[in-house]
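Notes follow the structure.
Chain A is the first sequence line, chain B the second, and so forth, proteins listed ahead of strands; every chain is numbered from 1. Computed from heavy atoms alone, side chains included, the values below leave out hydrogens, waters and symmetry copies.
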Amino acid sequence: MMRAVAGAVLRLYPKAWRERYGEEVADLVAARPVRARTVADLAMGAADAWLHRRRIPGARPLRLPLWAILVAGSYALWLLWDPAVSEPARLSFASAHASEAGWLFRTATSCFTMAAAMALLSPWQLGLAVRAAGKRAPYGAAARTTGRRVLLTALAVAVPAGFVLAAYLGYVFDAVHPVTALGGAMVGGFFVPTLMTLVLPVPLTASGSPVLAGGARAAGKSLAVAAMLNGIAWLAVAGLMAFGLRHSSPWFVTAVAAGAVLSTGLAALVAWAVLRSAPHDPAALPDPAPLGPIRL
Amino acid sequence: MARKSQELGRFTDVALLVLISLAEGQKHGYRMISDIEEFSGTSLEPGTLYGALMRLEERGWIEPVASAERRKPYRITDGGRAALREQLATLRRVEQTGARRSLAWGPA
């Protein structure tokens, strides 16, 4: 029984480890007495092998598709919507801190709004770059081909991005489900990374062409500014929480902190992905696989 | 060397035992476990042993020996011998300091 469990635990090790040591350890398990302690030791060894995967001789770097990270991160971020945005009623501000709280609230909402605007500016910049490159000989034909791909991609993401933008504006202008003050300050932190993720395919498509790499890089810079504004806005939210933290639950604080980390992380990842795929040198061919795997 | 040994984390002691075991000659995992148990009284489990082997191999202190058998033997490298010598020298210094200081207590 324990031997079978030990064999099952061996399958939990990373593939590179199993290829390198699996047969030897299986042989060792078959030849020696197997106790609960042996199984626990193998389980700890499996966790250790995953944590130190790079140390396995011959192991290749773990490559996760960018789209998978963004989808999983966005899903995790939206799971935090309820605990983070619905709970702020428990925060209370002393009247002495009213002006500081007001200033922080305005900073958060303004920065989130500007971040969303910067995110939406990037496809616009690319549109201008496509138009300019199409008129320029001898690159016109190539630019027009890539330009069509960029346009198709932009059209494909326009509907979901428009839907997300409409929902965000609904919260900004209290048209849907009014949320409490702190909730209102942080809603942008949920919408901005989602918007950035949705517009990401547009500059990545453009970066496939050296002719449009400059435009893609400009779009990447706009997304980088959006990511920075998103981070600043979360700092303002943290300041707001510091004023009203006394009556908030630990679960709420944890949810907001996790939301802030995910939001800033996703936004930074989107900006980084575009800047990486659009090199400075227009003659250098960028990564040919948009939304392809990234090295961790 | 001291810093490199610290990087072995919780495997530092196990790595030392493995190096001492392989200093005698090449061995596969099963024989290493038996040998270590015999000379140190420490009974190693496979997960711990192979965690240490992975780190020692990564540092180039041990290397696998080509073998057609399922049980792959390992041998200590020159780097591994130097590392072992340094670790044993450190242990001797610790032992001598401990012995000298405990003498100051006088007879029990």
Side-chain angles (χ1 to χ4, degrees), chain A residues 1-64 69 261 293-296, chain B residues 3-15 17-18 21-22 26-38 41-77 79-80 83:
Chain A
M1 171 66 185
M2 291 307 272
R3 209 172 295 282
V5 177
V9 173
L10 270 181
R11 284 195 282 276
L12 298 178
Y13 278 81
K15 191 179 173 210
W17 190 97
R18 277 182 279 131
E19 284 172 355
R20 178 67 189 78
Y21 302 109
E23 209 172 326
E24 296 172 52
V25 179
D27 183 65
L28 206 52
V29 168
R32 286 173 48 84
V34 178
R35 297 160 286 189
R37 182 185 138 187
T38 313
V39 173
D41 180 72
L42 284 171
M44 280 177 65
D48 172 72
W50 276 108
L51 283 172
H52 302 101
R53 199 179 165 282
R54 287 173 184 224
R55 291 184 163 175
I56 303 169
R60 289 177 295 278
L62 186 64
R63 292 170 87 86
L64 289 176
I69 299 172
V261 169
I294 62 167
R295 183 175 296 214
L296 290 182
Chain B
R3 194 182 64 82
K4 276 190 174 180
S5 297
Q6 280 165 12
E7 286 170 7
L8 290 167
R10 69 187 179 89
F11 292 94
T12 306
D13 295 342
V14 182
L17 294 175
V18 168
S21 178
L22 293 182
Q26 63 183 45
K27 290 187 185 75
H28 51 66
Y30 188 90
R31 274 194 61 204
M32 265 186 256
I33 288 180
S34 307
D35 182 46
I36 289 169
E37 191 161 8
E38 204 177 300
T42 304
S43 176
L44 289 180
E45 294 292 347
T48 304
L49 174 69
Y50 276 84
L53 289 182
M54 179 177 83
R55 285 162 170 81
L56 290 170
E57 200 180 337
E58 186 216 3
R59 278 166 178 70
W61 290 353
I62 65 167
E63 61 188 7
V65 180
S67 167
E69 290 179 31
R70 269 165 69 94
R71 295 180 178 183
K72 188 179 284 181
Y74 292 85
R75 69 174 157 228
I76 192 166
T77 62

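For the pair Ser43(B)/Arg37(A), a side-chain contact is recorded, criterion being any heavy-atom separation below 4.5 Å from C-beta on.
Between atom CG of residue Leu28(A) and atom CZ of residue Arg31(B) there is a gap of 13.5 Å, rounded to the nearest 0.5 Å. Between Arg32(A) atom CZ and Glu45(B) atom CD the span is 6.0 Å, to the nearest 0.5 Å. One distance of note links CG of Leu42(A) with OG1 of Thr48(B); it measures 8.5 Å at 0.5 Å rounding.
For residues 7-18 of chain A, the set of pairs meeting the side-chain hydrogen bond (donor to acceptor under 3.5 Å, both in side chains) definition, not counting sequence neighbours, is empty.
Without hydrogens or angle criteria, Asp27(A) side chain to Arg71(B) main chain gives no donor-acceptor distance under 3.5 Å.
A salt bridge is defined here as a Lys NZ or Arg NE, NH1 or NH2 lying under 4.0 Å from an Asp or Glu carboxylate O, and Arg55(B) with Asp48(A) meets this definition. Between Glu23(A) and Lys72(B) no salt bridge is recorded (no basic side-chain N to carboxylate O distance below 4.0 Å).
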Test side-chain contact (heavy atoms from CB on, under 4.5 Å) on Met54(B) and Arg20(A) and set out the steps.
-> CA-CA 10 Å; Met54(B) 179 177 83; Arg20(A) 178 67 189 78; over 6 Å; no
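Of all heavy-atom pairs between Pro46(B) and Thr38(A), the closest is CD-CG2, 3.9 Å.
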